[in-house]
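Just so you know, these numbers use all the heavy atoms, side chains as well, and skip hydrogens, waters and symmetry mates.
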Amino acid sequence: MTGIILDSILMLLLVAAIGYGIKLEKKLKALRDGQLAFATAVSELNLAAGRAEQALATLRASGHETDLLHDRIIKARAVKQELEVLIARAPAGLPPRAQVEVPAEPPLELTVPASSVAPLLDDEARARRMASLMERIEGARAVMKAPAARPAPAPAAPAETFAPVRQALAANHAAQQSLNRARRSLDEDLFAA
């Protein structure tokens, strides 16, 4: 009889050990799953950190381009002020603008929608305005430097006179496009994930 009691106690202890083993197995399985999830989260965080570093590098480059563009804007404002001063100091006896021979440009015919052409037309119009302003300035300088008895020298060819202005406009446009591309790629990188 004592053998049966000892056997039953032993069976109860074995059943308790099996139950505890099953419970422990479930906890270990949950721990392994958590570890795998943690490993994937760490790898995703590593990828996000890499993208953030690339975005910061792009942002630094954009900041450098912005500084260059800001410097150009400051220089352009200084030149504008100089031009305004020269125009204001121009003598009143200048020949009228109608007497200055300027080759007329044919009107532009565009078949592209207006929304995509508007920035180009603005640049072309700005280039024309700058060209006419440069002609007036050159005329004013010639009158100021030349004695009153001699006529003003003939203006230089428009293509030669305004080539630097057109080059500056083209460079400004290229810098603006580069800055816009950098901003777009930065936005894409930041909001990709």
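- With values rounded to the nearest 0.5 angstrom, I87 atom CD1 is found 10.5 Å from K80 atom NZ.
- Between L36 atom CG and L31 atom CG the span is 10.0 Å, to the nearest 0.5 Å.
- In this structure, L68 is not a member of the same hydrophobic cluster as I73, with clusters built from ILVMFWY side-chain heavy atoms closer than 4.5 Å.
- Residues L13 and I5 share a single hydrophobic cluster, defined by chaining ILVMFWY side chains whose heavy atoms lie under 4.5 Å apart.
- Inter-residue side-chain proximity for L69 and E65 is flagged as unmet; no heavy-atom pair is nearer than 4.5 Å.
- Taking CD1 from I9 and CD1 from I4, the interatomic distance works out to 12.0 Å, rounded to the nearest 0.5 Å.
- Within the structure, salt bridge (Lys or Arg N to Asp or Glu O under 4.0 Å) contacts touching residues 67-77 (residues at least two apart or in different chains) do not occur.
- Taking NE2 of H64 as the reference point, atom CG of L59 lies at 13.5 Å (rounded to 0.5 Å).
- Note on residues 18-44: no pairs pass side chain to side chain donor-acceptor pair (under 3.5 Å), not counting sequence neighbours.
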